[in-house]
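See structure below.
The chains referred to below are lettered A, B, ... by the order of the sequence lines, with proteins before strands, and numbering in each begins at 1.
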Amino acid sequence: MEIRRKRKLDARCTIPNDIIFDVLLKLPVKSLLRFKSVCRRWFNEISSPYFANSHLNQGRRSRQLLVIPISERSPSAQTISFYRYSEAENVATLMLEKELPGDEIVHLLVTYCDGLVLTFSRTNIFLCNPSTGELLTLPKGNPSKPLCEWSSDLVGFGLDPSTKRYKVVRMFYRWFDFKTRDYSIGCEVFEVGSQSWRSTEDPPFPVNEQYPVVLNNVLHWISEMDLCSEQAILTFHLHGEKFGVIRPPPVNFGSISVMYLMTDGHKLFFVEGNWKLNLTCIWMLKDEASHTWVRMYSFRKEDSKPYIPLEIHGGEIFLSTTKRLDCYDTRTDKTRTLLAIPKEVDNGSPSSKAYMGLLNGASSFRFTLYAESLVPLKDI
Amino acid sequence: MDMEDDTVQVRENSAEDTEMLELPKDPAEVKASEFIKGESSKEIPVESQQPELPENVVLQSLEKEEFIIKLAVGQQSEIIKNAILDGRGENPVPLLNVSAPILAKAIEFWKRHIDAAEGEDLTEWDKAFLGDLSQEVLFELAAAANYMESKSLLDCTCKFIADIIKEMKVEEVRDYFGIECDFTEEEERKMREDNAWAFEQ
């Protein structure tokens, strides 16, 4: 693009500062970090929390996918790579490759909030901002007895709206007994910017290992079926750090295969899956105060493989397995594949544009819907 | 610039609008889209008793040059829309910060967007339209969009400028906007170090 020589001190060629702000909002994080060096005004603008917040909100509107390929070839891989995938352009770009400290096997479960990614291995929890490249290793919290050999940590994170600090919330079992359904479970919070975990009140009941859903600065988990006689949804308010309970929808817990929580940013959804019948039902929490649920969708997928629902957005539901990411459109009752490990594509699925070079060596991958963020992990 | 359309084109629920309804919107945005749909909005206070809105709006540029446009075209600017609601639509709406050639460009943009068929993607047209402009006119158009509070035009021009500068080096950005660097060499060097990866190609 031709860069025209500007006439110095020509008022008509200068751009008002309001416009600069709007232009900056539309730039990717990589450009913004570079442009901090343009001049002091731009440095101050880009570094301001107000700008970071506006930029994040604008980013939410254009969904991208964050893809983390996992290679079986090196199971003790200590590097995590983040790719950004844009469906519109069918292009994946490597955002960041990071070495995780420590030498344990990386578990790589991922949960995400506001452009920050929480990932954890057997012994460590990491918070990462793939846009800026920062990685934070959290200090060790209280030890937890794992429920079984492949248990992972019960962790979630979100933003405390009044202090504007991100908090990681972790629950741990002091002990439990499956036979008597007895347990002692505690909870602690780590505030980003602080040095250590802080205990909070004990949760009223244990939750299952799926990452919680964050909605309106409240974390939501589903109860752990093996330890609870009745199922419910546990909530944790990030500001007051208090637990609450929401009655679940009228689901037959005895017959379902899986259940998940999901959100579209405004409402809470409960997904019940029955793999035997290949039936999925999605409920929406219509009114939180009265715990009223409404059944919104029910569908059968074309292939009956189990999956995890990631997010719902405008009638489209993102469903992922570790090998594929599909999008089910509730309006047309059609599923399209967005991404897949190459050999998965040969099952005759119509949209094989999902093949990407980056997935060639991978045995599985993790996804999350993503918006870029300037949120700093170090000094808040 | 073609001025022969007689009918006011009103956009019905396009897919885009449905999508927009899902997102948290600021009140101004909601009002604009509802207005364009042609509903008689109950939220807008009508002070005078006149139930009808004028078919045309007269806009007056900095040089007092007048432009006559259809109602729907002008509604893409909050300033013009508010002027209509205040019952001043018949009299020229003064846009004293906008020169005639720039106003003409803005009108051309609004007209094309109002005339768009349902679900039509105007990205290519927008790029061609803005790509034809000199940098000076582009900046003035962005400033005018800001002044006239036209979100569609502002978003479009800002995105276009952002795309121009996205891959630029820091020096090129300064050059483009005519910005003087007020950092010391030492400060600049340190910033480059801290964010080294952002400076990689």
_Structural part of A:L24 lying under 4.5 Å from a heavy atom of chain B_ = neither
*B:R189: what forms a side chain to side chain donor-acceptor pair (under 3.5 Å) with it, not counting sequence neighbours?*
B:E186, B:E193
_For B:D126, side chain to side chain donor-acceptor pair (under 3.5 Å) partners two or more places apart_ = B:H113
Part of [X] lying under 4.5 Å from any heavy atom of chain A:
X      : value
B:I165 : both
B:E171 : neither
B:D155 : both

_Closest-packed option against chain A by number of heavy-atom pairs under 4.5 Å, given B:C181, B:A162, B:A145_ = B:A162
*CD of B:E55 to CD1 of B:I68: how many Å apart, nearest 0.5 Å?*
11.5 Å
*Below 4.5 Å, heavy atoms only, C-beta onward: do A:R34 and B:N195 meet side chain to side chain?*
no
_Heavy-atom pairs under 4.5 Å with chain B, option from A:D22, A:I19, A:V38 with the top count_ = A:V38
_B:E108 and B:K105 ion-paired at < 4.0 Å_ = yes
